[in-house]
Amino acid sequence: MNNPKKDLLGIENLARKEIYQYLDLANNFVEVLERPIPIVPSLRGKTILTLFFEPSTRTQLSFSIAAKRLSADVVSFSRATSSVSKGETLLDTAKNIEAMKVDGVVVRHSAAGAAKYLAERLGAFVINAGDGSHEHPTQALLDLMTMKHHFSNFKDLKVLIVGDIAHSRVARSNIFGLKTLNAKVAICAPPTMIPLEIEKVGIDVFSNLDDVIGDFDVVMVLRIQLERQASGLFPSTREYRTLYGLTKERVLKMKANSIIMHPGPTNRGVEIDPDVADSNKSVILEQVKNGVAIRMAILFIHAGGKIE
Amino acid sequence: MGESEIRRALVRIVHEILEKNKGIKKLGLIGIKRRGDFIARRLAERIQESEGVKIPIGALDITLYRDDLQLVSETPIIEGTDIPFNINKKVIILVDDVLYTGRTIRAAIEEILDFGRPKAIQLVVLVDRGHRELPIQADFIGKKVPTAKNEIVDVFIKEFDGKDSVVLHYYKKGKDKVRKRRRKSRIKLHTEPKPKIKQLTITDIDKSK
């Protein structure tokens, strides 16, 4: 990428060419990850900070591993044991980071716009690992990469996203990315989980999963946030599974070469049945593998050089 | 170097490799992308013609191992590395088009060692132009071309550039203008095709001595 942007804050404003640059570069890192010594010295001497104000297993680990595979040093911040509990503001946290001169920050925060806030104040590059319900660009990029491995062409690719769309940054980022790449996106969810006026973005909306599941190349299932049951968005996990869960019967209706995706972690038996999650239509573990490769590509591009 | 000289040099190199290693046992070829890769494939073909056996071959992209990644302004394009054989205990014949500072070869050696432990690495280059910045040497050389630092050696490979040739030219200081290389002794110009750039042939260099 010529003159890459300093930060990766979201997919909404990424051009098609930029998305492809990440995807193509990531394929090289897939090869590196399969070597006997899956490490390259490209980011030696760089320090990456993972700044996670919200809990995460896979994203944080994925970024740590990606940075280490590039020979970078990784330091981690975990909210629970940090001074945030003493009331330190995000701004002060940022200023302290700046003073310690890390090269890059990967941040996850419950407030939308937190990544942008930091990016504007830090010389280090900032990668958004999820900001509230706004965006989760690295997840969308790894999802796009996985889709590309199975379908090679995004134009007219039919993608169905099932689940709590309204509260999902994964859904938002994927929708932005897929629209930029001219795929056909549709969503299926109970009415309580459908964002208002989403049809205006050019997306089909369905509430009956059985009617439409046979028309799609990719079915992406989102995690049901069980805490939302308490706020009345769905009556019970059993009812959710009956109407919207990806069961074996529903999978049998799917197209021949279609794939099932899930950003994880899965609630087995709620939004997806265990035997479906483990079936050969499911590419969930591929997504995780691709996640490391795409994050290596992202770190490589954003940590990359300038003429000195 | 013209097409026939390149061909003869490669034939000679293949014989030198087979002679030094007493045959093809334990040999593996690795070409450095992009042009070294094509040269390595030609060597593989000649070895197969000569010995009747295919030796394993791979291709290396050294971009991720460069020592100047912080100095390039654009994200480098990576073509990818493909080493489809086990390199442990093999004699690896590493192939590149031009040997200059030696930094590319240093990066290539480091990358190869991440794939395993070869018995030895021997280096083939089409052109050695001097000016080493690291203690690196070639074991098999197509042609040694003494150059000044402001001169440029361009290698063209048929599979990639449409023709086989090695061309030497230089830019005048401060201006992007190609000039004829001036030498005190008389040199016959190679007139076919009529280039603006002087193509040096083996006979020219010998005559000028």
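Quick caveat: nothing in here was measured; it's all calculated off a predicted structure. Proteins get letters first, then strands, A, B, ... in listed order; numbering begins at 1 in each.
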A.B. asks: When rounded to the nearest 0.5 angstrom, what distance separates CD1 in B/Ile83 from CZ in A/Arg35?
C.D. replies: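 Answer rounded to 0.5 Å: 7.5 Å.
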A.B. asks: Listed by residue number, which members of residues 13-48 of chain B have a heavy atom under 4.5 Å from any heavy atom of chain A?
C.D. replies: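 Result: none.
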A.B. asks: Should A/Asn28 and B/Glu79 count as side-chain neighbours, where that means a heavy-atom distance under 4.5 Å?
C.D. replies: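 Counting from C-beta outward, A/Asn28 and B/Glu79 never come under 4.5 Å.
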A.B. asks: Enter the distance from A/Phe300:CZ to B/Thr63:OG1 here, rounded to the nearest 0.5 Å.
C.D. replies: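 It comes to 7.5 Å.
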A.B. asks: Quick one, B/Tyr65 and A/Ser42 - any side-chain contact, counting heavy atoms below 4.5 Å?
C.D. replies: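 The answer is no; the side chains never approach within 4.5 Å.
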A.B. asks: In Å, rounded to the nearest 0.5 Å, how long is the span from CG of A/Leu70 to CG of B/Leu64?
C.D. replies: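 Rounded to the nearest 0.5 Å, the CG-CG separation comes to 8.0 Å.
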A.B. asks: Counting only non-hydrogen atoms closer than 4.5 Å, can you tell me which residues of residues 103-113 of chain B sit against chain A?
C.D. replies: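 If one takes a 4.5 Å heavy-atom cut-off, the residues of residues 103-113 of chain B near chain A are B/Glu110, B/Glu111, B/Leu113.
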A.B. asks: Does NZ in A/Lys179 sit with more than 12 non-hydrogen atoms of other residues, nucleotides or ligands closer than 6.0 Å?
C.D. replies: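 For A/Lys179, atom NZ is crowded (more than 12 foreign heavy atoms under 6.0 Å).
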A.B. asks: Report yes if some heavy atom in the side chain of A/Ile39 is under 4.5 Å from a heavy atom in the side chain of B/Asp114; otherwise report no.
C.D. replies: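 They are not in contact (no side-chain heavy atoms under 4.5 Å apart), so the answer is no.
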A.B. asks: Just so I know, are the side chains of A/Glu31 and B/Asp82 near enough to count as touching, which here means a heavy-atom distance under 4.5 Å?
C.D. replies: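 In short, these two side chains do not touch, never coming nearer than 4.5 Å.
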A.B. asks: Taking NZ in A/Lys281 as the centre, count heavy atoms belonging to other residues, nucleotides or ligands within less than 6.0 Å. Is the count above 12?
C.D. replies: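 For A/Lys281, atom NZ is crowded (more than 12 foreign heavy atoms under 6.0 Å).
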